[in-house]
Amino acid sequence: MSEYVAPLKDMQFVLKELAGLDQIGKLPGCEEVNAELVDQVLDEAAKFAGGVLAPLNKSADAEGSKWVNGAVATPKGFKEAYRQFIEGGWNGLQLPAEYGGQGLPKIVSTPVIEMWKSANLSFSLCPMLTAGAVEALLLRGSATLKETYLKKMVAGTWTGTMNLTEPQAGSDLALVKTRAIRSHDEKSGDHYRIHGQKIFITYGEHDLAENIVHMVLARTPDAPEGVRGISLFVVPKFTVNKDGSLGARNDVKCASIEHKLGIHASPTAVMIYGETDGAIGHLVGEENRGLEYMFIMMNAARFAVGLEGLSISERAYQQALAYAKERVQSRDVSGGGKAVPIIRHPDVRRMLMGMKSQTEAMRALAYAVAAAMDRMLHHADKEERARSQAFVDFMIPIVKGWSTETGIEVASTGIQVHGGMGFIEETGAAQHYRDARITTIYEGTTGIQANDLVGRKIAREAGATAKEILKAMRKVEAELGKAGGEEMAAMRTAFSAAVTAAEECVSWIAASYATDIKAVHAGAVPFLMLMGIVCGGWQMSRAALVARQRLIEGKGDKSFYEAKIKTARFYADHFLTRAPGLRDTVIKGSAGVMSLAEEQF
């Protein structure tokens, strides 16, 4: 497996030229953020990712986490890496200074998280879940819960989990059966006793931290049926004494961990609550509002999982590129008697350009959304906060769904570049594909993201936010037209047709949802993919315009800017051109989807 080297030059370009780092640094509470600070953070993160986490990726995949009698041992090297991780303050990078974090904005933490996930996806999942649990407690936890848990979780000495689904429920949380019974005793005060089983719990048990703080969905005895009757509880592995020290082991245990296709080093636990007296849990917020609170964690996790699609693509691309430069095979098609490195063959070059351009498009979109999250949280103007919130809400299912589907495609292409050696585990190319495969499933499948996009994000508001975004795209199209030159003209032609396809789909969804909801949902995933491609093209077009301007000014790295324009052109020619076909699938394809009776399958 090749080494991982963080793509700092492209990260810095996107942050400064596309995501608006300077503008984020002017927001209230973000004044200390500047290019110099960010460069320092990224440099140090790159060293840790490349020097500590990446070397463990392959060996940890081979070893996996091990379950023995309720305890889980993570692979060799993980405990020391995690110790260095929390001692370096990385766990609290984006978490509030009030509780010991560094409080840096999303635009800074996002490229750092990309590095963790590229270097070692399995390792990165532990702090990802902790951050989600912290966010839920920050927004909905009582003062007592915050005082009890947040400083240790921000420091990373305690970790967090999300406990949502159960064997009978899958993605349908209305079917959750875990029970929460009100209780009281002198030691624990008012609390609940939790009884039930949870599955697919990432880092539900491990040996990296002193305590594990589970965020658990459960029902009180008098709760209404369905999702309206779900509450959220904090259930620690070890109870916490009033002085903050660890108390007795709670009535919660790990019954087993799953044997999975990928992310072998990340323990995916089956958790049992309340085999005896019931696990002690404390209510977060109000009863019966647990799903609402859990979505605080879920949206953060969905964005982070979207970054996994980007991160695996970057790692797979780096490995495929290194192999293509080293592997000598076959003569150049244009002539010559000797075998050449396969990077000189047009089809291999096409695959590498596809990997490179899609990865850069995903990065640009994700960082733009991260900047919008910062405006949503920190901007002084209420209307701008609302606009940014609407943009983020619209983009989350796209970043999650499109980026992860594309990550699988890129990882698969990486195997293809290796040829037969890609199918052999020793090269490491297969691991990227195996690890990527879960990303379109957990934290909501691509179908769930697409249903959210067409339903809540378009039909509910008659496409208002989508239409505003499409207007912004038309402005970029106009700039491409003014720029002149063959490259920009070709990009404009492809981008214009792609935006038209998106506009037609949005209008059709808004008009058809009330009268033919099944038709709309039949085309939901193709529409999500169309929007991802078009949004990626939007950002690549912006990147090309910036690069062109820098070349005119004679500033910066000439080769980098020239490559950026050529990569954007490739994206337009090879991916934006898919949008009109996807439009036809969305608008015309539903008849075939629902045409067979069930017994005809």
Side-chain angles (χ1 to χ4, degrees), residues 2-19 21 35 39 42 46 111 114-115 118 310-311 313-326 340-368 403 406-407 409-410 413-414 417 476 479-480 483-495 533 535-577:
S2 65
E3 295 180 356
Y4 168 69
V5 178
L8 292 176
K9 182 168 286 188
D10 196 57
M11 289 176 164
Q12 290 162 341
F13 171 82
V14 175
L15 288 172
K16 296 169 186 176
E17 301 283 16
L18 302 181
L21 177 62
D39 288 348
L42 296 189
E114 179 194 331
M115 292 186 216
S118 283
L310 159 62
S311 300
S313 295
E314 176 64 40
R315 188 74 186 270
Y317 168 66
Q318 288 190 20
Q319 179 157 349
L321 177 62
Y323 184 81
K325 288 182 175 181
E326 296 169 359
V340 297
I342 63 172
I343 193 172
R344 298 183 192 174
H345 300 316
D347 189 57
V348 173
R349 190 67 68 90
R350 176 191 61 80
M351 290 190 284
L352 291 172
M353 284 296 290
M355 298 173 80
K356 175 180 171 64
S357 64
Q358 289 183 104
T359 301
E360 291 183 12
M362 286 186 280
R363 178 175 296 118
L365 182 61
Y367 290 14
S403 297
T406 304
E409 178 184 336
V410 171
T413 302
V417 170
V476 172
E479 290 179 39
L480 288 170
E486 194 269 337
E487 300 275 21
M488 298 294 163
M491 279 185 264
R492 183 191 184 190
T493 298
F495 186 49
I533 288 168
C535 288
W538 176 29
Q539 299 306 317
M540 292 297 277
S541 297
R542 293 180 64 220
L545 288 164
V546 171
R548 175 183 176 276
Q549 184 61 33
R550 297 295 172 263
L551 288 171
I552 292 171
E553 296 166 351
K555 294 180 179 179
D557 186 333
K558 181 173 182 287
S559 177
F560 175 84
Y561 292 131
E562 288 175 344
K564 183 62 71 174
I565 292 172
K566 294 179 187 301
T567 304
R569 166 69 185 274
F570 180 93
Y571 186 93
D573 289 342
H574 289 258
F575 298 110
L576 282 176
T577 49

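The figures that follow rest on heavy atoms only: side chains count, while hydrogens, waters and symmetry mates do not.
Taking Ala563 as the reference, nothing meets the side chain to side chain contact (heavy atoms under 4.5 Å, CB included) condition, with sequence neighbours excluded. Legend: residues meeting salt bridge (Lys or Arg N to Asp or Glu O under 4.0 Å) with Arg350, ordered by chain and number and at least two apart, are Asp347. Evaluation of the ring pair (Phe, Tyr, Trp, His ring centres under 6.0 Å) rule for Tyr317 yields no partner, not counting sequence neighbours. Remark: Ala364 pairs with Val14, Leu18, Gln539 by the side chain to side chain contact (heavy atoms under 4.5 Å, CB included) rule, at least two apart or across chains. Here Lys558 pairs with Glu562 under the side chain to side chain donor-acceptor pair (under 3.5 Å) rule; sequence neighbours left out. For the ring pair (Phe, Tyr, Trp, His ring centres under 6.0 Å) test, no residue two or more places apart in sequence or in another chain qualifies with Tyr561. Judged as a side chain to side chain contact (heavy atoms under 4.5 Å, CB included), and not counting sequence neighbours, the contacts of Ser541 are Val476, Leu480, Phe495. Partners of Arg344 by salt bridge (Lys or Arg N to Asp or Glu O under 4.0 Å), not counting sequence neighbours: none found. Judged as a salt bridge (Lys or Arg N to Asp or Glu O under 4.0 Å), and not counting sequence neighbours, the contacts of Glu360 are Lys356, Lys564. Residues forming a ring pair (Phe, Tyr, Trp, His ring centres under 6.0 Å) with Tyr367 (at least two apart in sequence, or on another chain): none. Looking at residues two or more places apart in sequence or on another chain, you find no side chain to side chain donor-acceptor pair (under 3.5 Å) involving Glu479.
No donor-acceptor pair closer than 3.5 Å links the side chain of Arg550 to the backbone N or O of Lys555. Remark: side-chain polar atoms of Glu17 are not paired, donor with acceptor, to backbone N or O of Val546 under 3.5 angstrom. Remark: the backbone N or O of Met351 is not paired with any side-chain donor or acceptor of Thr413 at under 3.5 angstrom. Of the possible polar contacts, one joining the Gln358 side chain to the Gly354 backbone as a donor-acceptor pair under 3.5 Å is found.
At least one side-chain heavy atom of Pro7 sits under 4.5 Å from a side-chain heavy atom of Glu314. With contacts defined as side-chain heavy-atom distances shorter than 4.5 Å, the pair Leu551/Ile565 qualifies. A heavy-atom distance below 4.5 Å is found between the side chains of Leu545 and Met488. Contact of the Val340 side chain with the His345 side chain is registered, since non-hydrogen atoms from C-beta on lie closer than 4.5 Å. In this structure, Glu114 and Met11 have side chains that are in contact, with non-hydrogen atoms separated by less than 4.5 Å. Between Met353 and Asp573, the closest side-chain pair of non-hydrogen atoms is not below 4.5 Å. Contact annotation: the side chain of Ile533 never approaches that of Thr406 to less than 4.5 Å [non-hydrogen atoms, C-beta and beyond]. Residues Ser357 and His574 form no side-chain contact, since every pair of their non-hydrogen atoms from C-beta on lies 4.5 Å or further apart.
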Begin from the C-alpha positions of Leu42 and Leu15 and carry the test side chain to side chain contact (heavy atoms under 4.5 Å, CB included) through to its verdict.
CA-CA 11 Å; Leu42 296 189; Leu15 288 172; 3.8 Å; yes
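Atoms OG1 and CZ, from Thr567 and Phe560 in turn, are 9.0 Å apart once rounded to the nearest 0.5 Å. From Tyr323, atom OH reaches atom CD1 of Ile343 across 13.0 Å, with rounding to the nearest 0.5 Å. Met115 CE to Tyr4 OH: the interatomic distance, rounded to the nearest 0.5 Å, is 6.0 Å.
Nearest heavy-atom pair, Leu576 versus Gly537, reported as atom, atom and distance to 0.1 Å: CD2-CA, 3.9 Å. Annotation for Arg363 and Asp10: closest pair NH1-OD2, 2.8 Å, computed over non-hydrogen atoms. Of all heavy-atom pairs spanning Met491 and Ala568, the tightest one is SD-CB, 3.7 Å. Between Gly414 and Ala320, the shortest heavy-atom distance links the atoms CA-CB, 4.1 Å. Summarising the geometry of Ser313 relative to Val410, their closest heavy-atom pair is OG-CB, 3.5 Å, with the distance given to 0.1 Å. Considering all non-hydrogen atoms of both residues, Val348 and Val417 come closest at CG1-CG1, 4.4 Å.
More than 12 heavy atoms of other residues, nucleotides or ligands shown are found within 6.0 angstrom of NZ on Lys16.
Applying the salt bridge (Lys or Arg N to Asp or Glu O under 4.0 Å) definition to pairs two or more places apart or across chains, none involves residues 536-549.
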